[in-house]
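Naming: A, B, ... by sequence-line order, numbering from 1 per chain.
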Number of protein chains: 2
Amino acid sequence: MSNVQSIERALTILNKLSEYPDGIQIARLTEQVSLTKSTIHRLLATLVSMNYVVKDEETDKYKLGLQVLFLSRNLLNNSSIVTIAKPYLEKLSQEVNETVHLCIEDHGEVIYIDKIESNQTIRMYSRIGSRAPMYCTGVGKVLLSGATPEHVDQVISKTEFIPKTPYTITSKEAFLKEIELVKQQGYALDNSENEEVLRCIAAPIYDHKGKIIASFSISGPSNRVTMELINTSLIEKMKQYSLAISRNLGYSGS
Amino acid sequence: MSNVQSIERALTILNKLSEYPDGIQIARLTEQVSLTKSTIHRLLATLVSMNYVVKDEETDKYKLGLQVLFLSRNLLNNSSIVTIAKPYLEKLSQEVNETVHLCIEDHGEVIYIDKIESNQTIRMYSRIGSRAPMYCTGVGKVLLSGATPEHVDQVISKTEFIPKTPYTITSKEAFLKEIELVKQQGYALDNSENEEVLRCIAAPIYDHKGKIIASFSISGPSNRVTMELINTSLIEKMKQYSLAISRNLGYSGS
DNA sequence: TAATATGTTCTTTATTATGGAACATCATTC
DNA sequence: GAATGATGTTCCATAATAAAGAACATATTA
């Protein structure tokens, strides 16, 4: 029933290394992970031998190896949600000329599994694989609006409400109310609740059973994505795309 | 000096799981990896607890978890090669209306670190993170053309020359000759050597020291990417882009 | 040159992982 | 519907293994 210690430690090191794209020395790692030099050294040696970690011989810094990329190569390819939703999301992004995200829930957090940039000059992979909290994102609210009350409770109980902006929802009660609102509306807003200058609108994607399995959003600077634009155009558009994508996944509701 | 057994085993399992996007049962894994049921079960339990692996409770199948995606989120983002090359590669892809790949070498293999599809209907991530041998790809030949003779020897000694098509180079001598040719030409062809219907042209990317650190290619069906097109247009174009991207990385040669 | 900070290797010890066996669960077949 | 087989899970004694301190090596700085 208990875990394998060395594996737990090795994975913890991998997690930590992902925070340092330019690498980190063993001495720094000992501070981050509380393990002795020699232990970390041995764990890293194993990770290096499997190409999960690369050692920069010049600087003695360790960073993630390309085997990690190799691992994830099939993770999203074969995900029907990404494949099916992509053409819709690309079209949506073009129509509104803003960034579109596709997200699912993973262990009580939002995880970005696809992103379409309106502006081609911005790099591509920036957010795929990243995580975000549920309480301050439109996509998170949508995902919770489709969850059971028990699950919502469980997620909220683990949530630390940090006021990222003056508009962030910071109480359990307010958040529950918001989720209820989202459920009724069929869409969610992030009204500068995560980043001061950003406004998003998110909508659900349903599977064949009518369960919310993903959500997608339009994000943009508040001055472009105005409340007026949302009310006059985006809400309607999001609902259309929500239905179209869901239908393609076998959803039969409305 | 020796590796941590349990970690080696856990990573071997992760590697194996990446071959099964839809998951695999413990019983199947015992055949693939030669370990006992109970050991695999315990290793998997640890991987699951760290979200590196997810268990499908319905089917008892295990597959990679999204933590793997999270790990790789910064792997290519912060890679200057990808970021700097991308706009050029996108322009190139548009100009010739064919797929463009960006590759580096990793442990004697080609690894695809970026891909631009000409045809937007084809899914996006299909090849990023994948590996390919050096001897039957244009990008591989280019990468080896910039390596030291010792490194080339080392790679070749580990290479098994499999005739993927009638045109595949299958001898060490012929391959060495080909690399020499590529070095002189400044570009490489894959003339249906990997897949019968495919033809590619690849060129190097140099860093500020004049070292070849990556290569990029145009790939397309042989009937579109004809030898005539290559000779009259693509060679010149590839050389231009090669220089432009390299210059942007600090290359001062010509 | 000494001192400091770091990476690497070694060795002893006790912790820890291991795998067989027992048990549980499920599906299939007769 | 009982019996068989295939699988996942848990337990436990044992031996193998990982851990960490110390010694050593190397590089950097004062």
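By the salt bridge (charged side-chain N to carboxylate O under 4.0 Å, His left out) test, A:Lys55 pairs with A:Glu57, A:Asp60, sequence neighbours left out. For A:Tyr88, the side-chain hydrogen bond (donor to acceptor under 3.5 Å, both in side chains) partners two or more places apart in sequence, or in a different chain, are A:Asn248.
The salt bridge (Lys or Arg N to Asp or Glu O under 4.0 Å) pairs that include a residue from residues 245-254 of chain B number zero, where partners must be two or more places apart or lie in different chains. Applying the salt bridge (Lys or Arg N to Asp or Glu O under 4.0 Å) test to every pair with at least one member in residues 62-72 of chain A, sequence neighbours left out, gives no pairs at all. For residues 2-16 of chain A, the set of pairs meeting the salt bridge (Lys or Arg N to Asp or Glu O under 4.0 Å) definition, not counting sequence neighbours, comprises A:Lys16-A:Glu19. Counting only residues at least two apart or on different chains, the salt bridge (Lys or Arg N to Asp or Glu O under 4.0 Å) pairs with a member in residues 134-147 of chain A are A:Lys141-A:Glu178, A:Lys141-A:Glu193.
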Which pairs, protein N/O on one side and nucleotides 25-28 of chain C N/O on the other, fall under 3.5 Å?
none

So which protein nitrogen or oxygen atoms get under 3.5 Å of nucleotides 22-30 of chain D's nitrogens or oxygens?
none

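Between A:Ser215 and A:His101, every side-chain heavy-atom pair lies at or beyond the 4.5 Å cut-off. Residues B:Leu89 and B:Ile245 have side chains in contact (heavy-atom distance under 4.5 Å, counting atoms from C-beta outward).
Heavy atoms of A:Thr39 sit under 4.0 angstrom from at least one base atom.
In this structure, the CZ atom of A:Arg42 is 12 Å from the C1' atom of C:dT8, given to the nearest Å. In this structure, B:Asp56 places its CG atom 12 Å from P of D:dG8, rounding to the nearest Å. Atom CG in A:Leu43 sits about 11 Å away from atom P in C:dA17, given to the nearest Å. In this entry the distance linking CG of A:Asp60 with C1' of C:dA5 reads 12 Å, nearest Å. To the nearest angstrom, P of C:dG7 lies 11 Å from NZ of A:Lys61. Taking atom CG of A:Asn3 as the reference point, atom C1' of C:dT18 lies 15 Å away to the nearest angstrom. Counting to the nearest Å, the C1' atom of C:dT16 and the CZ atom of B:Arg9 are 13 Å from each other. Rounded to whole Å, the distance from CD1 on B:Ile40 to P on D:dT10 is 16 Å.
Taking the screw axis at each terminus of the helix from C:dT1-D:dA30 to C:dC30-D:dG1 from five consecutive base pairs, the angle between the two is 40° to within rounding of 10 degrees.
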task: In sequence, state the C-alpha distance, the side-chain angles, and the governing distance for B:Tyr52 and A:Asn15, and then conclude on side-chain hydrogen bond (donor to acceptor under 3.5 Å, both in side chains).
output: CA-CA 10 Å; B:Tyr52 276 68; A:Asn15 290 344; 2.6 Å; yes
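Between A:Gln5 and C:dT15 there is no side-chain N or O to OP1 or OP2 distance below 4.0 Å. For B:His41 and D:dT9, the shortest distance from a side-chain N or O to OP1 or OP2 is below 4.0 Å.
Within a heavy-atom distance below 4.0 Å of DNA chain D, no residue of residues 13-31 of chain A is found.
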Can you give the donor-acceptor pairs under 3.5 Å from side chains of residues 204-211 of chain A to other protein atoms, not counting sequence neighbours?
| residue | atom | partner | partner atom | Å |
| --- | --- | --- | --- | --- |
| A:Asp207 | OD1 | A:Lys209 | N | 2.9 |
| A:Asp207 | OD1 | A:Gly210 | N | 3.1 |
| A:Asp207 | OD1 | A:Lys211 | N | 3.0 |

Report, one line per pair, each donor and acceptor closer than 3.5 Å where one atom sits in a side chain of residues 20-28 of chain B; sequence neighbours left out.
| residue | atom | partner | partner atom | Å |
| --- | --- | --- | --- | --- |
| B:Tyr20 | OH | B:Gln32 | NE2 | 3.1 |
| B:Arg28 | NH1 | B:Glu31 | OE1 | 3.4 |
| B:Arg28 | NH1 | B:Glu31 | OE2 | 2.3 |

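No hydrogens or angles considered: nothing links the side chains of A:Thr83 and A:Ser80 as a donor-acceptor pair under 3.5 Å. For the residue pair A:Asp106 / B:Gln67, no side-chain donor-acceptor distance below 3.5 Å is found, with atom types taken as modelled.
The residue among A:Glu57 and A:Ile7 whose nearest nucleotide of DNA chain C lies closer to the 5′ end is A:Glu57.
One finds the CD1 atom of B:Ile104 at 15.5 Å from the CZ atom of B:Phe216 (value rounded to the nearest 0.5 Å).
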